[in-house]
Amino acid sequence: MNNATSRPSLIHRYSLSRAIACVACLALWAAPLCAKGDGSKDGSKTDLVKTESGSELELDFSFANAFGSGSSLDFGPDSGGPELGVSAWTKSRFGIERLPWLRTGPEVSATGELGTDVITPSSGEPYLVISDVSLLALAGWGADAKFHDGIGELEFGAALLGGLGLYDLNEADVDYLASGALAENFWYRVEPNLGVDAFGSYKASSFEARFYNRYLSSWDALDAYGSSWPRSFAEACDLKISFGLLESGPWSIKARFLGELSIESRLIEPVLKYSTGLRLDLGRKRVGELKLKLVEWSYKAKAEDFAFSSSSDVERQLSGGLQWDSELGEGEWKVGLTFPWWADDSGETCPGTWKLAISRSLGD
């Protein structure tokens, strides 16, 4: 994103950023109103209703070493600026007396993201602009099942979701402008979304495995760059496998394998991202947990028409990091720092990206 002149006006974007901030505050305020509640019949049968809810506010800062790969450290802004994310959700599940292992019910969620970019003009100081905004509201119906096999507990479920998404457009989507529209003005699109969530987990003694996958499809009838995109989609998958190494009184040590994958068709350039890593979690009850990311490999690339064999703008990085989680009252604070061991940008070694993440979550 090198062309600052084609961005929406900052006045319009400032108004929208204030709206995003309001949404974030409302989400954090409303979460405690949806407190978890269990209904039971005769005090001995399966709970009839279980409701879970929560919200999270996250702020990420990316920066890089201005001296490159040398020994001197002088940090400056990365190509991407701070990012703000907010989410809120609630899920209710109704028990079935004749099928105690099955629950079904409605769920709703709302998410918002605001991204910024650092613009470096040919003369003068770099400055920060809002680069993209997205809002997504979904509602649906799902079912969860839980079984005990005598050794561990198996749980899985799925939900059908639908809703609307509002997406801010930037200079990469100029061909999607309406006739006579000006690229420097704020403009966006609203698209219907339909998709499915799926999750599963297995717990046995000191072993635990979890996965989560979401696929969302949206519609856009326009063409751009000679390619037809009658439907766009986004898919995200998250996998965690952990082994308990020590459980002694209030202390615990766990080794975790982490894996994430996301693919987005977007309007013009599909983007593929994935990461894998190993982490060591050191915890103490009622105090918190220190998470040491021993190693993480991350990959990001653009590929028009999904020809990933000829990807462009390939970013690869080998990282380490640490994170501190602490429960305060009914919520949880997380502060984490990721730092590069090695990085590569389109075949050339680069300093890599440092990332500072701060988040606050409430609810179940």
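This structure is a prediction, so every number in the text was calculated from the model and none was measured.
Note on K50 versus D144: no salt bridge recorded, every NZ/NE/NH1/NH2 to OD/OE distance being 4.0 Å or above. The existence of a salt bridge linking K273 and E264 is excluded, since no basic side-chain nitrogen approaches an acidic carboxylate oxygen closer than 4.0 Å.
Here the side chain of T104 pairs a donor or acceptor atom with the backbone of G142 at under 3.5 angstrom. No donor-acceptor pair under 3.5 Å is formed between the side chain of D345 and the backbone N or O of E348.
Of the residues R256, K254, Q323, the one that meets the side chain to side chain donor-acceptor pair (under 3.5 Å) test with D281 is R256.
Counting all heavy atoms, side chain and backbone alike, V314 lies closest to A301 at CG2-CB, 3.9 Å. Closest non-hydrogen pair, A357 versus E58, comes out as CB-OE2, 4.1 Å. Nearest heavy atom pair, residue R210 against residue S201, reads CG-CB, 3.8 Å. Nearest heavy-atom pair, L261 versus Y274, reported as atom, atom and distance to 0.1 Å: CD1-CB, 3.8 Å. The shortest non-hydrogen separation linking T353 to Q317 is N-OE1, 2.9 Å. When every heavy atom of G352 is checked against every heavy atom of A343, the shortest pair comes out as CA-CB, 3.3 Å.
In this structure, S53 OG and K91 NZ are separated by 11.5 Å, a value rounded to the nearest 0.5 Å. In this structure, the separation between CH2 on W354 and OG on S319 is 10.0 Å, given to the nearest 0.5 Å. Here the CG-OG1 distance, from L135 to T111, works out to 8.0 Å after rounding to the nearest 0.5 Å. The line from OG of S361 to CG of L57 is 10.0 Å long, rounded to the nearest 0.5 Å. Interatomic distance, T116 OG1 to L114 CG, rounded to the nearest 0.5 Å: 7.5 Å. Atom CD of E235 is separated from atom OG of S217 by 11.0 Å, given to the nearest 0.5 angstrom.
You'll find the side chain of L161 reaches within 4.5 Å of the side chain of R214, heavy atoms only. Side-chain atoms of R284 and W251, non-hydrogen and from C-beta on, do get closer than 4.5 Å to each other. Side-chain contact between V287 and S326: absent, with no pair of heavy atoms (C-beta onward) separated by less than 4.5 Å. With a 4.5 Å cut-off on side-chain heavy atoms, E155 and F199 count as touching.
Residues F61 and F339 are members of one and the same hydrophobic cluster, defined by side-chain heavy-atom contacts under 4.5 angstrom among Ile, Leu, Val, Met, Phe, Trp and Tyr. Both F147 and I151 belong to a common hydrophobic cluster when Ile, Leu, Val, Met, Phe, Trp and Tyr are linked at side-chain heavy-atom distances under 4.5 angstrom. Transitive grouping of hydrophobic side chains (ILVMFWY, heavy atoms separated by less than 4.5 Å) brings L239 and L272 into a common cluster. One hydrophobic cluster, built from ILVMFWY side chains closer than 4.5 Å, cannot hold both F243 and L280; they sit in different ones. Grouping the Ile, Leu, Val, Met, Phe, Trp and Tyr side chains by contacts below 4.5 angstrom, directly or via other members, places L59 with L337.
Atom CH2 of W141 is surrounded by more than 12 heavy atoms from other residues, nucleotides or ligands within 6.0 Å. The number of heavy atoms from other shown groups lying within 6.0 Å of CH2 (W342) is above 12.
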Ignoring hydrogens and angles, write down the donor-acceptor pairs under 3.5 Å from the side chains of residues 289-297, residues two or more places apart or on other chains.
from: K291; atom 1: NZ; to: D325; atom 2: OD2; distance (Å): 2.8
from: K293; atom 1: NZ; to: E296; atom 2: OE1; distance (Å): 3.4
from: K293; atom 1: NZ; to: T338; atom 2: OG1; distance (Å): 3.4

Check against salt bridge (charged side-chain N to carboxylate O under 4.0 Å, His left out), E107 and R93: CA-CA 9 Å; E107 58 186 81; R93 291 293 186 260; 2.7 Å; yes

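Ring geometry for Y202 versus F207: interplanar angle of 30 to 60°, hence tilted.
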